[in-house]
Amino acid sequence: MPERVHKYLDGGSKPMKSATTRDIEVTTDRLSGSKKRKREDVDDNLSVRPRSNAPSSGSLASVEGLSKGFKPTNLTSAKGYEPQHQLTNGSTTKQSLPKSRLSPNSLANQSVQSPLKARANALWPLRKALPVWSRASEIRQGLRIKDIMLLVGETGSGKSTQVPQILAGEPWCKSRPVTLENAKQTVNVGGCIAITEPRRVAAITLARRVAEEMGTPLGASSPASRVGYSVRFDNSTSPCTKIKFLTEGMLLQEMLLDPWLKQYSAVIVDEVHERGVNVDLVLGFMRNIAAGRLEGRGGIPLKVAVMSATAEMERLGSFFEEGYVPSSNGVDPEENESDVSESEWSGISSSDEEHGTADSKGKHINGKQAEKSCAHVATCHIEGRQFPVTINYTPEPVQDFVDAALRTTFKIHYQEPMPGDILVFLTGQETVESLESLVNEYALGMSRDVPKMLVLPLFAALPQAAQQRVFQPAPPRTRKIILATNIAETSVTVSGVRFIIDCGKAKIKQFRTRIGLDSLLVKPISKSAAIQRKGRAGREAPGQCYRLYTEQSYLDLEPRNTPEILRSDLSHAILTMKARGVDDIINFPFLDHPPREALEKALMQLFQLGALTDTGTISEIGQQMAKLPLTVSLGRVLIAAAEPELDCVSEVIDIISCLSVENIFLNLTSEEKKEEAQSARRELYRREGDHLTLLMTVQAYAAENADRKAWAERHFVSHRAMQAVMDVRKQLRAQCQQSKSLKGEKPRQITPELATSLLKCFLKGFATNSARLMPDGSYKTIVGNQTVAIHPSSGLFGKKVEAIMYNEFVFTTKSYARGVSTVQMDWIGGALGI
DNA sequence: GAGCACTGC
């Protein structure tokens with residue numbers, strides 16, 4: 001480890017690069033391509049609509065009437081709203097509800113009722129009944145006085161849809177002209193609320209729902225729209241967007257253009273408990289902005305609401321309290337002249353006191369003076385609405401969970417009355433498929449008077465049509481048995497489930513810093529994941545959960561999932577930070593600080609790629625890399641492709657597009673099909689290796705103008721994956737055209753010279769991913785001297801060549817290289833500079 | 001002769 005790497009860690013201390021000299025309007029269109037395109041995962045089949053099978057109870061009659069004329073569907077996204085069963089819970093909100101400034105009633109009264117307004121009016125009673133509305137006043141007052149609020153809202157509280165609407169009418173939520181310290185010109189700050197979501201479907205479905213509730217058209221469809229969303233490949237916002245749902249990655253991308261997020265008055269960070277790398281970065285940036293002097297915002301504070309399903313109030317609270325510098329110029333006093341009744345509101349909620357963290361800060365809240373210099377974080381706990389789920393444990397530890405799941409499935413099926421589908425959580429495709437065949441086999445022996453079983457696998461790699469089967473209602477007298485991976489834990493919600501079988505395990509990806517290798521391991525889940533899985537049975541009615549482990553094993557589980565930032569390669573995260581002005585990585589406010597070794601490794605890699613200078617600051621190459629929606633290595637390759645002696649941007653984009661999506665070649669099970677596929681793909685195969693084979697495939701697919709789907713089927717290529725490839729390709733081409741590294745080139749013949757250029761180009765990003773042939777026929781890595789085998793999915797499997805370069809190094813049954821091409825030793829030497 | 005949970009720009 002060179003000494004300078006240590007300097008990166010400790011050196012430099014500017015917390016945030018000043019953006020006062022830059023005044024760049026935030027538009028994501030430029031980056032992601034402005035053409036809106038509907039994708040299959042967000043079409044109307046997947047959109048959130050009131051379910052037609054909402055259980056009825058006395059008070060619900062009118063509610064059911066409201067949903068007439070709307071397409072029912074069984075599928076809601078993980079972030080679906082839950083008003084239907086909220087109402088069936090029988091509880092009514094007794095206390096008087098605050099009037100919303102955005103109440104569609106008032107909007108509608110101003111003009112003739114349009115269908116949109118009528119729909120919004122119809123939704124209003126459902127909204128008012130959500131638990132979050134009983135806290136609306138508390139939420140408003142909290143953020144009037146403080147800049148940061150923590151909201152713990154359990155499933156079914158309605159927080160994701162309602163909190164933005166509750167805040168949108170606040171006096172601080174408007175655009176104001178300010179003159180920045182170092183700039184002469186006046187700029188507008190604020191006016192819009194951002195809500196970040198971890199997944200694209202969630203951002204889109206929530207935006208749709210909120211637009212509906214507010215009675216405004218969605219996004220770019222009309223200038224009258226007040227609600228929009230922004231996700232990769234799909235930006236639907238207009239200049240008057242007031243509430244904008246976006247993925248965490250999109251907000252980070254916007255910060256590249258404007259670190260001060262000037263268009264926003266508030267950022268709501270939703271689903272923080274999921275703890276992906278991006279949300280941790282967003283939280284760190286939010287704390288930096290909130291704790292700073294706000295010079296880039298003309299002193300106007302950015303309100304931050306952090307929403308989580310689990311009560312990690314103490315940690316999040318102290319995270320935002322630490323390093324908070326009270327700003328003298330932070331608040332326009334006029335804005336806070338409000339009807340705040342101190343008696344009805346306290347900065348520290350009772351739930352915090354239960355956790356023993358309410359400290360002296362909370363006691364001084366008596367007026368604005370005290371509050372500004374003491375506690376800066378308001379908290380609010382919103383109860384959820386879930387039906388009870390009873391838990392069953394096994395008396396003894398289970399050896400074979402597939403076998404145990406099989407027995408439990410039949411036990412439930414025989415003992416429990418219909419209706420009530422069963423959702424089984426398993427670890428992966430392999431266990432799903434083996435249980436599938438076992439259940440089907442045993443089901444043949446069932447007597448005729450027992451209801452039938454319909455076994456449905458569900459995992460991400462399953463083709464879209466097969467996934468959809470899970471959401472179709474079962475035939476009469478049939479119980480659905482859904483065998484799912486983790487996809488059903490957060491990403492997808494299936495209605496009708498009353499029984500959960502939880503094997504207690506999941507596949508977790510773990511990056512091993514020392515050897516720079518990803519492992520995918522089956523590990524016990526955390527307590528919170530177990531609770532999440534259990535909760536999937538209680539969304540519509542009381543349910544039951546069968547845990548295939550003992551109660552003691554449950555008690556021994558880790559309380560939370562390990563945050564992703566503690567178990568992944570940090571090179572991309574660090575580049576993200578450096579490009580947004582964070583020079584001092586070690587002192588960045590991480591909610592969980594990654595190990596120093598992992599930071600050093602990532603800094604080393606960035607330095608070797610030329611993204612950082614030897615003083616640890618970001619280089620011009622690094623800045624360019626940070627703009628690209630690619631891993632750091634692939635980003636480096638794309639930049640190298642524009643060098644005059646390599647000159648292969650167009651082709652590199654084609655290859656990179658494949659490498660950044662799932663496998664484009666279908667996995668075939670039968671020998672027969674495999675042989676058939678091999679001959680069908682022969683015309684695509686290149687002996688240089690997988691990189692060139694991918695290029696051939698993309699070029700052939702792109703050249704097919706008649707029927708690409710048929711082409712894909714003929715070649716045993718995944719059409720879904722190829723559509724994703726074309727999306728990425730289009731985005732990268734647009735970006736490279738904008739940066740002038742790509743001019744409308746036509747596809748070229750792939751000559752040996754071009755092939756050499758391409759492989760040399762990839763070595764600029766992957767020189768450390770190379771290995772040479774040993775006398776015994778095995779391969780050993782050039783850096784680290786570890787044994788590595790060519791993965792059987794590679795076209796070079798079983799071949800012996802002088803040296804190889806690979807895209808990925810993974811450990812499954814042994815260490816494998818995937819995405820492999822042949823290279824020459826002297827090219828590697830050149831690229832490594834040795 | 002292997003087999004890959006899930007996101008995201």
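In the text below, chain A, chain B and the rest are named by the order of the sequence lines, each starting its count at 1.
Atom CD of Glu662(A) sits in a crowded spot, with more than 12 heavy atoms from other residues, nucleotides or ligands closer than 6.0 Å.
Taking the six-membered ring for Trp and the full ring otherwise, Phe762(A) and His691(A) have centroids separated by under 6.0 Å. Tyr549(A) has its ring centre no less than 6.0 Å from the ring centre of Phe401(A).
A cation-pi arrangement is absent between Arg818(A) and Phe809(A) under the rule of less than 6.0 angstrom and at most 45 degrees off the ring axis.
The nearest whole Å value for the distance from the CG atom in Asn235(A) to the P atom in dC9(B) is 11 Å. Whole-Å rounding puts the Ile565(A) CD1 to dT7(B) P distance at 20 Å. When rounded to the nearest whole Å, the span between CZ of Phe459(A) and P of dT7(B) equals 13 Å. Here the P atom of nucleotide dC9(B) and the CD1 atom of Ile574(A) are 21 Å apart, to the nearest Å. Atom pair Gln624(A):CD and dC9(B):C1' shows a separation of 17 Å (rounding to whole Å applied). Between the P atom of dC6(B) and the CZ atom of Arg200(A) lies a distance of 16 Å, rounded to the nearest Å. Atoms CD (Glu489(A)) and P (dA5(B)) sit 15 Å apart, rounded to a whole Å. Remark: P of dA5(B) and NZ of Lys507(A) are 4 Å apart, rounded to the nearest angstrom.
For the pair Thr247(A) and dC9(B), the criterion of a side-chain N or O lying under 4.0 Å from OP1 or OP2 is met. Within the structure, a side-chain polar atom (N or O) of Thr485(A) is placed less than 4.0 Å from OP1 or OP2 of dC6(B).
Nucleic acid contact for Leu628(A): base, since at least one base atom lies under 4.0 Å from a heavy atom of the residue. Using a 4.0 Å heavy-atom criterion, one finds that Leu520(A) contacts the bases of the nucleic acid, with or without backbone contacts as well. Here Glu248(A) lies out of heavy-atom contact (under 4.0 Å) with every strand. Base contact: Arg818(A) has a heavy atom under 4.0 Å from a base atom. Residue-level contact check: Gly428(A) touches the backbone only, with heavy atoms under 4.0 Å from sugar-phosphate atoms and none from bases. Within 4.0 Å of Leu252(A), counting heavy atoms only, lies no atom of the nucleic acid at all.
Using a 4.5 Å heavy-atom cutoff, the side chains of Glu254(A) and Tyr264(A) are in contact.
For Ala460(A), counting side-chain heavy atoms from C-beta on, the closest listed nucleotide (dC6(B), dC4(B), dC9(B)) is dC6(B). For His791(A), taking side-chain heavy atoms from C-beta onward, the closest of the listed nucleotides dA2(B), dC9(B), dA5(B) is dA2(B).
Along DNA chain B, the nucleotide closest to Ala461(A) and the one closest to Pro629(A) are compared, and the more 5′ of them pairs with Ala461(A). Between Gly249(A) and Tyr816(A), the residue anchored nearer the 5' end of DNA chain B, judged by the nucleotide with its closest heavy atom, is Tyr816(A).
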